2 protein chains.
Amino acid sequence: MTDDQRSAGAPTLEDVARAAGVSRATVSRVVNGVRNVDPVIQEAVRQAVSVTGYTPNRAARSLVTRRADAIALVVSGAGVEPEAARGDSGTGASGEEDGGSGGSGSFTAQVFADPFFGRVVTGVVDYLRPRGMHPVLMFAETSRAREEVVAYLRQGSADGALVVSTHAEDPLPALIADAGLAAVLFARPARPVPVSYVDLAHQDGARLAADHLLGRGCRRIATISGPLDVPAGEARLTGFRDTMARHGHPYIPIAEGQFTQESGESAMERLLAEHPDLDGVFAANDLMALGACHVLREHGRSIPGDVAVVGFDDSSAALACRPPLTTVRQPVEGMAAEMTRLLLDRLARPDGPVTSVIFEPELVVRGSA
Amino acid sequence: MTDDQRSAGAPTLEDVARAAGVSRATVSRVVNGVRNVDPVIQEAVRQAVSVTGYTPNRAARSLVTRRADAIALVVSGAGVEPEAARGDSGTGASGEEDGGSGGSGSFTAQVFADPFFGRVVTGVVDYLRPRGMHPVLMFAETSRAREEVVAYLRQGSADGALVVSTHAEDPLPALIADAGLAAVLFARPARPVPVSYVDLAHQDGARLAADHLLGRGCRRIATISGPLDVPAGEARLTGFRDTMARHGHPYIPIAEGQFTQESGESAMERLLAEHPDLDGVFAANDLMALGACHVLREHGRSIPGDVAVVGFDDSSAALACRPPLTTVRQPVEGMAAEMTRLLLDRLARPDGPVTSVIFEPELVVRGSA
DNA sequence: GTGAAAGCGCTAACAT
DNA sequence: ATGTTAGCGCTTTCAC
């Protein structure tokens, strides 16, 4: 109860040492759980710690340990209008700059409009928390922002990065690798980079969808693909098309979407206009499937009676849909947790092997197909 | 082009100073943009910086400046089953512990199931980014987790906290205030705490909804409230009820929900069972309104023909609904940005006044009412 | 305008 | 098993 601390600042190791009548080193040992400390002294130190209200100063610790005990969670990719080379843009500049802030059109807003990212955050946080760590959230959709991420890591603010790319040609993974920094990716990069990643067997997932649609008797099947410059979008289309071809449907109607509900709606409109008789649709994610369902119903089609719909992801959108979506489950939380585990492993053993993990998708049958 | 750096580690101020032929102090001045440095030397130093590839070490800087240049974004509140005092729980303990991880039932997962949080993150990040800062994401649903948040701030890992409480009796704001730490809250705390906050005029929002429903001719109106132990839930109900009373409807059917789609569905079922003739519903958030719409349609009611539905928030759920929801817009991104601004202000002037900001909601008319 | 030197709070040899 | 000591890389008086 004696309030020994008189200096203004927070109590330091020195203060605790004085209170306990030992040296700084001993207090440090106790605080960090290093053995070789007399139990009696340990107890005395613990007393002193709680009496003084001591908390280790993170900066001082980081300075000497050279670890930040923090990791960055980076959402990377191109912003709105990746290669917007319209001739009418007045200001020349280097093409991409940080746009307006706060508006619902910002990259950040776009990102979180997809339930996918919330699930990634969930997986990462749930893995990190029991280990006393917390992620620093960063976005990197411009080259300037990417430089900042690299600088952030270089200055030791974080020990490594978890990178979720929204775009195939994302240069960030290579930048990080070149700088010799630790990272793990969500999804395999377009061009090989010596970095671990977790990914889903997208093609297998698409096959599950195709098999299901065919299995329930659909014969005029179309698909709403994701953006084809995103590996996941491309793989899901390929997997779907291959399976359909193998079953005697070499040509299937395709409408490309952008993984958004709105793009799913317009893709469905297009498909319906050209193929009014279709009886099955595979959308490359749930958000687009949800949009497709709206359009189908507006056109008087019952689901799954007239048209069966299969989505992908098993995100919250699958349950927001009526009927609830039959979909291909992507275990995003588990994948994000694994990604985090890989990074922490890497930090613990920097020379360990670069290993990646591929998850298998699973069909979840609900009402829409 | 001369590669001077020979020591293994990253280049330090010392290295740059040597390369530029000046002292560490001068390099520091240049790097930090302090005036009183000869332009010629400035240039020389800048050269040396880029030649050596120097990046300031954050820990060393923090140690002396006593600022982390980081802030925490904390989602606080009770986890699943706030006061789960069922007698059948085997392990006694203090009631709340960290549950399983990764599962979709975790607190983290619950939080991000609501589009609301993604919008908060968006607003915070978009405000922080141009200022070169990034938020550290933390969750605090158990008393242990709350202690960790306080410890995190006390050890200087972050300069302050942005706190979003999901629960009225959340003790975190008081804990932070008592520890003399900087914070700004999203939503006014249940019991007064000397901390700034941003909030919405919930009652005004509910009034807009009531006026709209009455204005379009609805006469048998019910409401699906939010959890009444959450200030926002309580205020929206009060505002709605008061307005209805003022217009001659002192008693209106109420079903309490939990701000989730599912709870909105069951609430709607209950209302419909007791009041099959209702022609208007106000749901205290969009997720519940979405659930209500599903149930109404399953019961053969057309929207807005038979029953008009008004939601609250103007979240992504409003557009995921068919017809799209007429709703009360809460400018979450703007509120989050303002919250961040208040915190940064506070950090810049610790003795400044504690001011809070209340935002006005706005009715967005779409198809559902 | 610039350099020298002190020291932020901590950990990790090394010595005892 | 414990204490002594030397920095980690940076900012910041204080002299010059």
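Every value quoted in this text rests on a predicted model; they were computed, and no experiment measured them. Every heavy atom of this structure was used, including side-chain atoms; hydrogens, water molecules and symmetry mates were not. Quick note on labels: first sequence line is chain A, next is B, and so on, each numbered from 1.
- At whole-Å resolution of the value, CZ in A:R58 and C1' in D:dG9 are 18 Å apart.
- Rounding to whole angstrom units, CZ of residue A:R66 and P of D:dG7 are separated by 14 Å.
- Taking atom CG on B:N36 and atom C1' on D:dT11, their separation rounds to 16 Å, with Å as the unit.
- Every residue two or more places apart in sequence or in another chain that forms a side-chain contact (heavy atoms from CB on, under 4.5 Å) with B:E338 is listed here: B:V198, B:R341, B:L342, B:V357, B:F359.
- In this structure, CG of B:D15 is placed 10 Å from C1' of D:dG9, rounded to the nearest angstrom.
- Residue A:N57 places no side-chain N or O under 4.0 Å from the OP1 or OP2 atom of C:dG9.
- Nearest nucleotide to the side chain of B:T12, out of D:dC8, D:dC10, D:dT2: D:dC10.
- Evaluation of the side-chain contact (heavy atoms from CB on, under 4.5 Å) rule for B:A44 yields no partner, not counting sequence neighbours.
- Every salt bridge (charged side-chain N to carboxylate O under 4.0 Å, His left out) that B:D69 has, sequence neighbours left out, goes to B:R67.
- With sequence neighbours excluded, no residue satisfies salt bridge (charged side-chain N to carboxylate O under 4.0 Å, His left out) with B:E147.
- Distances shorter than 4.0 Å separate some side-chain N or O of B:T26 from OP1 or OP2 on C:dG3.
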- Note on the structure: Whether each nucleotide of nucleotides 11-16 of chain C has a protein heavy atom under 4.0 Å at its base (B), only at its sugar-phosphate (S) or at neither (-) is summarised, 5' to 3', as BBB---
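- Across A:D159 and A:A182, no two heavy atoms sit closer than the pair O-CB, 3.9 Å.
- Distance, B:L63 CG to C:dG7 C1': 9 Å, rounded to whole Å.
- The separation between A:Q42 atom CD and D:dA1 atom P is 11 Å, rounded to whole Å.
- Remark: A:S23 engages A:T26 in a side-chain hydrogen bond (donor to acceptor under 3.5 Å, both in side chains) (not counting sequence neighbours).
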